[in-house]
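Notes follow the structure.
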There are 2 protein chains.
Amino acid sequence: MRLDAHSILPPELRACATELQLSKGALLFAQGSKPKAMYCVRSGEDRLIRTAVNGAEIVLQRATSGFVAEASLDHAAYHCDAVVVKTATILSVPRSRFQRALSDAAFREAWIGYVNAQLRHSRLQCERLLLRTARERVLHFMETEARGRVLKLGMTKKAWAAELGLTHEALYRTLRSMLEAGELAERPSGCFRMKSV
Amino acid sequence: MRLDAHSILPPELRACATELQLSKGALLFAQGSKPKAMYCVRSGEDRLIRTAVNGAEIVLQRATSGFVAEASLDHAAYHCDAVVVKTATILSVPRSRFQRALSDAAFREAWIGYVNAQLRHSRLQCERLLLRTARERVLHFMETEARGRVLKLGMTKKAWAAELGLTHEALYRTLRSMLEAGELAERPSGCFRMKSV
DNA sequence: CGTACTTTTGAATCGCATCAAATCTGGTGG
DNA sequence: CCACCAGATTTGATGCGATTCAAAAGTACG
């Protein structure tokens, strides 16, 4: 996750991969369509979006560097849309090739490790969303994502708010009160520093 | 997930597995301890619990039939406690044996499928927790977990509330209003039936 | 048959969503 | 290079829905 995810792909897969260039607004795949390839975002940003009954959009996954809908490759149809939010370079590996490559021991081991990491990350995300207040969610995010008390936020605050399950207004207010309380310090280029443990 | 998860274990692993009988309140493993085995709950109930900074308990995973902390087997230490909530029978497979067994092609394929399913489930759970109102979360749960408009709830409403990220009071009230509105019908033995789509 | 836990309802409170609007910022094209 | 535009950031006012605290009734299990 920290390192480029595509590096776990074995040479033969990288050899047969197509590199897609998709501009903002493009649809990588649509809800209901059949998975034909495994996608790996190398630059830009892609989001898995599901439109709720009431019309609200829910972001299921946000990929800036990593695989997209990797748990659904063996499914009959995608259950969400994959939208390019920021012009992206995306590797596309044919589904059958990918599955055949999994017969290689080293690759399968690496792949299991990757999916495990994704699962732990998702469970952590659930844990965070179970917290009741905005402040607790921010602290939880810090505790789990920061490297040595310093968080390098790789997104806008608005996107962060969405990930925390908050409106951006609520996040702004919470951050402000935490800054004023001295619990947090904001540094340029989207960095935050925690004060106490 | 629907079928007994342990059935994906190959014969040689089932042969070397120990069957643990743990009574309510027992600790399967503690936060900070090193993973020594892969556990699979066969009956009873086991919960992964993390105590938040404020002292509140957060349920990370709830296992009544399936593997526990399966994504952390290759980790140096558990980051949560595994507590037996209801007297349980748990299969224990030594860590090294499990990892060696993954060299078998069929088992690894099955295992990847299992972890994929877990990942999809966890992402769905996140999606649900991003919904703002109790009613929406209940409906989402119905839509994703019900079989043909009928939901067989395999837990108490209190546990359900925790899974939905609500207090039990909020869930009771929401259910009542949905019953009164005719959106839902309650049947004996924890079954619910949706009215419209 | 008692005890622990779930289920259920009530009242008061609080935090977040919502709606509104102004400012700031980065990137685009003329 | 500057004007412009879309999106991000920020602040304010208001209301709703869920939490919280409290308490009673139902239920399962040893």
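Here is the naming used below: chain letters follow the sequence lines, and residue numbers restart at 1 for every chain.
Residue whose closest nucleotide on DNA chain D sits further toward the 5' end, between A170(B) and H168(A): H168(A). Ranked by how close their nearest DNA chain D nucleotide is to the 5' end, G165(B) and K157(A) are led by K157(A).
Across all strands shown, G190(A) has no heavy atoms under 4.0 Å from either base or sugar-phosphate atoms.
If you take CG of L129(A) and C1' of dA18(D), they are 16 Å apart, rounded to a whole angstrom. Here the P atom of nucleotide dA28(D) and the NZ atom of K24(B) are 14 Å apart, to the nearest Å. One can place CG of L166(B) at 14 Å from P of dG17(D), the figure rounded to the nearest angstrom. Between the C1' atom of dG17(D) and the CZ atom of R135(B) lies a distance of 14 Å, rounded to the nearest Å. Atom CG of L131(A) is separated from atom P of dA18(D) by 18 Å (rounded to the nearest Å). Between L130(A) atom CG and dT19(D) atom P there is a gap of 11 Å when expressed in whole angstrom units. Atom P of nucleotide dT19(D) and atom NZ of K158(B) are separated by 14 Å, given to the nearest angstrom. Atom CZ in R132(A) sits roughly 17 Å away from atom P in dG17(D) (whole-Å rounding).
With sequence neighbours excluded, the residues satisfying salt bridge (Lys or Arg N to Asp or Glu O under 4.0 Å) with D74(A) are R120(B). For S177(B), the side-chain contact (heavy atoms from CB on, under 4.5 Å) criterion is met by no residue, not counting sequence neighbours. Residues satisfying the side-chain contact (heavy atoms from CB on, under 4.5 Å) test with R135(A), not counting sequence neighbours, are T133(A), L139(A), T174(A), M178(A), E183(A). For R137(A), there are no side-chain hydrogen bond (donor to acceptor under 3.5 Å, both in side chains) partners, not counting sequence neighbours. Partners of F141(B) by ring pair (Phe, Tyr, Trp, His ring centres under 6.0 Å), not counting sequence neighbours, listed by chain and number: W160(B). With sequence neighbours excluded, the residues satisfying salt bridge (Lys or Arg N to Asp or Glu O under 4.0 Å) with E186(A) are K157(A). For T87(B), there are no side-chain hydrogen bond (donor to acceptor under 3.5 Å, both in side chains) partners at least two apart in sequence or on another chain.
Sorted by first and then second residue, the ring pair (Phe, Tyr, Trp, His ring centres under 6.0 Å) pairs with a member in residues 70-89 of chain A read F29(A)-Y78(A); sequence neighbours excluded.
The side-chain heavy atoms of K195(B) and R149(B), taken from C-beta on, include no pair separated by under 4.5 Å. Inter-residue side-chain proximity for I90(A) and D46(A) is flagged as met; some heavy-atom pair is nearer than 4.5 Å. Contact of the F192(B) side chain with the V138(B) side chain is not registered, since no non-hydrogen atoms from C-beta on lie closer than 4.5 Å.
Contact footprint of chain A on DNA chain C: nucleotides with an atom under 4.0 Å from a non-hydrogen protein atom, first to last in 5' to 3' order, dC16(C) to dA20(C).
Remark: T133(B) is not in phosphate contact with dG17(D), judged by side-chain N or O atoms under 4.0 Å from OP1 or OP2. Under 4.0 angstrom from either OP1 or OP2 of dT9(D) there lies at least one side-chain N or O belonging to Y172(A).
The stretch residues 176-188 of chain B does not touch DNA chain D, since none of its heavy atoms comes less than 4.0 Å from the strand.
Overall, the helix from dC1(C)-dG30(D) to dG30(C)-dC1(D) carries an axis bend of 60° between its ends, with five pairs at each end and the value rounded to 10°.
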Please report, to 0.1 Å, the donor-acceptor pairs under 3.5 Å made by any side chain of residues 15-26 of chain A, with sequence neighbours excluded.
from, atom 1, to, atom 2, distance (Å)
Q21(A), NE2, T89(A), OG1, 3.2

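In this structure, the nucleotide among dC21(D), dA8(D), dG12(D) sitting nearest to the side chain of E169(B) is dC21(D).
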